[in-house]
Amino acid sequence: MVTLVVRHRVSDLMAWKGVYDQHAAMRKDRGVLASDVFQDALDPSVVVVAHRFPDMASASAFAHSRALREAMSRAGVVDQPDFWFLNDVEPVPN
C-alpha cells in the first residue's frame, strides 16, 4: 500500500471541500481506496489530504493527473501543493 499525502493552502475551506466531495467517484476510479482530510489546527487555510492506493503506479498517476490539477484549481488551491508518497512499514517480527 502507498499513501499519497498532499498539503496545500486554500482560499476558502468550505468551497474547497465542496469540490473535493464532488470528485469522490473520480478518486475511486483512479484507485483511491481510502481518504482522510485534515485542516491545520494553527492555520485554517492549510489542508492536508491522505489518499491510500494499492501501489505506487496508481498513486503517481493520480498525483500527476490533469483531473487533479483542474479540481485543485476549481477548489481554490492558492499555492503549489506539496506531495509525499509513503510506503507502509511492516512490523518487525519478535
message: Checking D82 now: which residues fulfil side-chain hydrogen bond (donor to acceptor under 3.5 Å, both in side chains) with it, not counting sequence neighbours?
response: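 None.
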D79/R7 under side chain to side chain contact (heavy atoms under 4.5 Å, CB included): CA gap, chis, key distance, verdict: CA-CA 10 Å; D79 67 352; R7 179 220 163 268; 3.4 Å; yes
Measure the spacing between [atom1] of [X] and [atom2] of [Y] and express it to the nearest 0.5 Å.
{"X": "S35", "Y": "H23", "atom1": "OG", "atom2": "NE2", "result": "13.5 Å"}
{"X": "Q22", "Y": "K17", "atom1": "CD", "atom2": "NZ", "result": "11.0 Å"}
{"X": "S45", "Y": "H8", "atom1": "OG", "atom2": "NE2", "result": "10.5 Å"}
{"X": "M1", "Y": "L86", "atom1": "CE", "atom2": "CG", "result": "12.5 Å"}
{"X": "R27", "Y": "Y20", "atom1": "CZ", "atom2": "OH", "result": "4.0 Å"}

Specify the closest pair of heavy atoms between [X] and [Y], including all atoms of both residues, with the distance to one decimal.
{"X": "A71", "Y": "V19", "answer": "O-CG1, 3.7 Å"}
{"X": "A63", "Y": "F85", "answer": "CB-CZ, 3.7 Å"}
{"X": "L4", "Y": "A59", "answer": "CD2-O, 4.1 Å"}
{"X": "G31", "Y": "P54", "answer": "O-CD, 3.3 Å"}
{"X": "M56", "Y": "V2", "answer": "N-CG2, 3.5 Å"}
{"X": "L68", "Y": "F83", "answer": "CD2-CE2, 4.1 Å"}

Can any side-chain N or O of [X] pair as donor or acceptor with the backbone N or O of [Y] at less than 3.5 Å?
{"X": "S73", "Y": "E70", "answer": "no"}
{"X": "R69", "Y": "H64", "answer": "yes"}
{"X": "Q39", "Y": "V47", "answer": "no"}

Hydrophobic cluster membership, with links at side-chain heavy-atom distances under 4.5 Å among I/L/V/M/F/W/Y: are [X] and [Y] in one?
{"X": "V77", "Y": "M26", "result": "yes"}
{"X": "V6", "Y": "V37", "result": "yes"}
{"X": "V46", "Y": "V10", "result": "no"}
{"X": "V5", "Y": "L33", "result": "no"}

- request: Verify salt bridge (charged side-chain N to carboxylate O under 4.0 Å, His left out) between D88 and R52, making sure each step is shown before the conclusion.
  value: CA-CA 10 Å; D88 287 347; R52 304 277 292 165; 2.8 Å; yes
message: Show, in sequence, the C-alpha distance, side-chain angles and deciding distance for V32 and F53, and conclude whether the side chain to side chain contact (heavy atoms under 4.5 Å, CB included) test is met.
response: CA-CA 5 Å; V32 175; F53 290 88; 3.4 Å; yes
task: Evaluate the criterion side chain to side chain contact (heavy atoms under 4.5 Å, CB included) for residue pair V49 and D36; output intermediate values, then yes/no.
output: CA-CA 6 Å; V49 181; D36 290 300; over 6 Å; no
task: For V78 and W16, run side chain to side chain contact (heavy atoms under 4.5 Å, CB included): C-alpha distance rounded to whole Å, both residues' side-chain angles, the deciding distance at 0.1 Å, then the answer.
output: CA-CA 11 Å; V78 296; W16 175 88; over 6 Å; no
- request: Assess whether side-chain hydrogen bond (donor to acceptor under 3.5 Å, both in side chains) is satisfied between R30 and H51, documenting all intermediate values.
  value: CA-CA 11 Å; R30 293 182 180 260; H51 293 303; over 6 Å; no
